[in-house]
Every structure is written in structure tokens, then in C-alpha cells.
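Worksheet: the structure to be examined is printed underneath.
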2 protein chains.
Amino acid sequence: MTANGDLRSRILEQARVLLLKEGYSAVSMRKIAKAVGCTPTSIYIYFDNKDALIHALIEEGMELLAGDLAKASAPDSEPRARFRGTCLAFLEFGIQNPEYYQIMFLLHPEKMERYPTDKYRRARRNLELFADILREVRSGSSFDPMLSATVLWSLLHGAISLHLAQRLDVGMPASTFIDQVVEHAESMLLPESP
Amino acid sequence: MTANGDLRSRILEQARVLLLKEGYSAVSMRKIAKAVGCTPTSIYIYFDNKDALIHALIEEGMELLAGDLAKASAPDSEPRARFRGTCLAFLEFGIQNPEYYQIMFLLHPEKMERYPTDKYRRARRNLELFADILREVRSGSSFDPMLSATVLWSLLHGAISLHLAQRLDVGMPASTFIDQVVEHAESMLLPESP
DNA sequence: ATTTTTAGGTTAACAATGTTAACTTTACGG
DNA sequence: CCGTAAAGTTAACATTGTTAACCTAAAAAT
């Protein structure tokens, strides 16, 4: 049974498929086991518990997002366009990968309490990416780049959250909303301090 | 047994206590029943299912929030101060009532799918409140108040979400972050469009 | 070559969950 | 006093995450 790919990766694959196809609540140890073709207990050989399995999926998502952001923030264009592109990439990721985004950033804290905090260093890396661009554009003026990046992150995260939770007005096209969010984000580039 | 307050309100009360004391996942029909002193099935006489019970708690939270915002947006002060106060009130509500905020705005869509959309009219009412203040300050300039209010909502909601999920840098004081968020929110009042 | 250990996997079970069918009790109108 | 409807309970079902005990096959040790 160890012939065709190790069981661990097959478990992860089917968990991801189930997650993307039927949503988070449909992901149960028994369903994954059935899809993989093993027993539920076998999963516990490779993962301490369901949380650990979900965490592995979070890792996958973080990898994906990091790739998207790295591509968008490649330093081959003007900083302002790069800023805009990176914001858009983050928003796009959330909208196009709702399940990934959900388990990465929207899961109940109580369910994710056991998630090791140091794994979120990758998230911090993304924050630094935004801070770098802000620093580049707003050089000189006295401001805290990481603080501003966090506020920017709040805006983007909130926009994705509301969109995914379908709390936005149905009469408001998503693209219009996204455009407005990015446009507002760009106001962070202006060094106005009245 | 129908002497001391109807069972329905006692169920709600204990559900709220449990929610605030032990968090969402600790709220189970059996625990509520035990706390109230009835059987789990009795709850189903007054609530169709667990979701319906949670929805009733959401109603409570909406009431609370609406009260806070109404107080903060009372038209007895200057519009800009009112705007700042209303933003702060929303942020404070989320931070001071994490469990309420969680079930109101952060619950998994799949778990809340059955929540009747029209109940969120109260949330829309809050949005209109922000839109009104924006309209008042930025009168004249061509802009969509509801769209801007939604972007503002995204910022506030994202800030609360990240704070509640403890995703913010531990070295960053919450008050500093909140201040920065409000300060940035105020940039929406400036009619600059380059 | 034979025994022992160990890693990988299964069977069966436990406790907790939301929910429901069937039964009992209580109250009230005729 | 009887019947009916509401209020509440008992006992169960199906599903969940998780674990203890067992099995099995391969590798290591004697």
C-alpha cells in the first residue's frame, strides 16, 4: 500500500479536494479516510489531530499566497503601480480561493488556538512586503511603516471577509467595490498630515 | 415550572452566559439545558434548531451595537467629531464584546447560511448611519456615500477581526493600532481626488 | 535461522454532538 | 368529567473527533 505515493500526501490531497468541493464543515476525518481509501485512524499516524491536518492545508495556502504576492510585488515597475498590484493580488487571492482564505484567516480562534504562532511568520513576511513598498514611496516623512501596513492589511482583510460572508449589498458589483477599496488604499501613499 | 419567567427567555439567558463565559464552541444544546434545568429537547419547542437560538443571540448583539452607535452618532456635536466617535464606538464594541461580535459578523458562512438575510437590515442601517455622516461632511463632491461607507466598514471590520484573532504584532499596543485605524478612517473625510 | 522490535494499519469502541420520534404529564374548554 | 392541545421528558439515531487494543509485515538483533 506504500507503492502509490505515501499515504500522508494522499490524505492532504483529498482533504484539500473535500475542502474546496464541499466547504470546511464537510471535512471530516471519516470522509477523508473514505476518499483516500484508508481508515480514519490511519490519519492519526501522520497528523496529531484534525487541527494539525488543517494546519498543513494552511501551509499550502500560505505558499500559494506568498507566490501571488511575490509575483505582484516584483520590483520591475513603478512603486505606485506595484503597490496597487500587490493590493489587488491579495484581494484576488481571497476572492478566488475562499476556502483557503477561510482556513488561513477566518477560522474561529478557538478552533485554531492550538495553531503554532510561529507558523504565522509567513503572514508577517507579507506584512513586511507591504511595509517595504510604503517605506519606499513615503520615504522621509515620519511614519511607522509596519503600523501603516497593518492598517492597510485591516482594510484588505475586512474587504475580503465581508465579500466572502456575502454581507455586501447585492446591488453593489464586486468589481466596483474592489476598485474603491484599492483606490482608498492608495490614499496611504499620499504624505498628507493635516 | 412556568412560574419563574418563561423557559424561552431563560434558555436565551443561559446561552448568552455560556457564550460569554466559555466561547462559542462550548455552547451546546445539552449544556444550555443543564444550566437552565430542563432537557435538551425542550429547547426545540422554542427554537427550530441551534442556529435559530444563535440567531436570537445575534439579535441581542445587534440591539446592543445599534444602541452604542446611536449614542455615538447623536447629532449634538460637530460632524467630524461625530464621525470619529462613531468609528471608535464600532471598534470598541467589537473589542469589548468579542463573543457577540464573533457570532454577529465572524461566524462561518456555512454555519450561518440559514440566517435570514432580511435580519441584516439592522446592519445595513448602521451602514447608512456612516453614509449619512460622510454625506454631511463631503457634500457636493461627486461620490457614492454607501460605497464609501462600505469601504469604511471594511476597514473597521478588518481591524476588529485581526485584533480578535490575535493576528496583530504582539509588540504593537492595541490602542496605538486603534488610533491609527481611526486616523486613517478620517482620511475619508478629505475631499481630495488627485 | 530464529526471535524481537518497530512501523503502518485496522477493528471496535468511547464520549459528545445536533436532532427527532414516541410517550407522558399538565392545563383548560366543553 | 372528558377530550384535546400544549409543554416537557425519555430514549434513541446518526455523526462527529479520538483512542485503546490488536494485527501484520518488514527490518534488526541475537
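Letters A, B, ... are given to chains in the order of the sequence lines, protein chains preceding strands, and every chain is numbered from 1.
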(message) Please report the distance, rounded to the nearest Å, between CG in A/Asp48 and C1' in D/dT18.
(response) 12 Å

(request) Round to a whole Å and report the spacing from CZ of B/Arg8 to P of D/dA6. (result) 17 Å

(message) Over all strands shown, is B/Phe47 touching base, sugar-phosphate only, or nothing at heavy-atom distances under 4.0 angstrom?
(response) nothing

(request) Name the closest nucleotide to the B/Ile45 side chain, picking from D/dG17, C/dG9, D/dA7. (result) D/dA7

Under 3.5 Å between N/O atoms: give me all the protein pairs with nucleotides 5-7 of chain C, atom names plus distance.
none

(request) Measure the distance from CG on A/Asn49 to P on D/dT19 and round it to the nearest whole Å. (result) 8 Å

(request) Could you tell me whether a side-chain N or O of A/Lys50 sits under 3.5 Å from a main-chain N or O of A/Val27, the two making a donor and an acceptor? (result) yes

(request) Give one of base, sugar-phosphate or nothing for A/Ser28, where a contact means two heavy atoms less than 4.0 Å apart. (result) sugar-phosphate

(request) For the pair B/Phe83 and B/Phe130, name the ring-plane relationship: parallel under 30°, tilted 30 to 60°, perpendicular over 60°. (result) perpendicular

(request) Before accepting this row, confirm whether a basic side-chain N of the pair A/Glu186/A/Arg84 lies closer than 4.0 Å to the acidic partner's carboxylate O. (result) yes

(message) When you group the ILVMFWY residues by side-chain heavy-atom contacts below 4.5 Å and let the links chain together, are A/Ile103 and A/Val17 in the same group?
(response) no

(request) Spell out, as yes or no, whether a donor-acceptor pair under 3.5 Å connects the side chain of B/Ser42 to the backbone of B/Cys38. (result) no

(request) Specify the separation, in whole Å, of atom CD1 of B/Ile11 and atom P of D/dA7. (result) 12 Å

For nucleotides 23-28 of chain C, give me every protein contact, N/O to N/O, under 3.5 Å, one pair per line with atom names.
none

(request) Mark yes or no for whether B/Ser187, through its side chain, and B/Glu183, through its backbone, hold a donor-acceptor pair below 3.5 Å. (result) no

(message) Taking the basic N atoms (NZ, or NE/NH1/NH2) and the acidic carboxylate oxygens, is any pair closer than 4.0 Å for A/Glu99 and A/Lys21?
(response) no

(request) Among C/dG9, C/dT19, D/dT9, find the nucleotide with the atom closest to the side chain of A/Ser42. (result) C/dG9

(message) For A/Met172, is there any backbone N or O sitting under 3.5 Å from a side-chain donor or acceptor partner on A/Thr176?
(response) no

(request) Could you list the residues that satisfy ring-ring contact (aromatic ring centres under 6.0 Å, His included) with A/Phe105, not counting sequence neighbours? (result) A/Tyr101

(request) Say whether, by atom type as modelled, one donor and one acceptor occur between the side chain of B/Asp144 and the main chain of B/Leu147 under 3.5 angstrom. (result) yes

(message) Taking the basic N atoms (NZ, or NE/NH1/NH2) and the acidic carboxylate oxygens, is any pair closer than 4.0 Å for A/Arg10 and A/Glu13?
(response) no

(request) Grab the CD1-P distance between A/Ile43 and D/dT19 for me, whole Å please. (result) 13 Å

(request) Applying side-chain contact (heavy atoms from CB on, under 4.5 Å), name anything that partners A/Lys71, two or more places apart in sequence or on another chain. (result) none

(request) List the protein contact pattern of nucleotides 20-26 of chain D with one symbol per nucleotide (5' to 3'): B for base contact, S for sugar-phosphate-only contact, - for none; contact means a heavy-atom distance under 4.0 Å. (result) B------

(request) Inspect the contact between A/Arg124 and A/Glu128 and indicate whether a charged nitrogen and a carboxylate oxygen are less than 4.0 angstrom apart. (result) yes

(message) Is B/Tyr46 close enough to D/dG8 that one of its side-chain N or O atoms is under 4.0 Å from OP1 or OP2 there?
(response) yes

(request) Using heavy atoms and a sub-4.0 Å distance, could you list which residues of residues 29-36 of chain B are near DNA chain C? By number, please. (result) B/Met29, B/Arg30, B/Lys31

(request) Ignoring backbone atoms, test whether A/Thr39 places a side-chain nitrogen or oxygen under 4.0 Å from the OP1 or OP2 oxygen of C/dT11. (result) no

(request) Kindly say whether B/Pro145 contributes a backbone atom to a donor-acceptor pair with the side chain of B/Ser148 at under 3.5 angstrom? (result) no

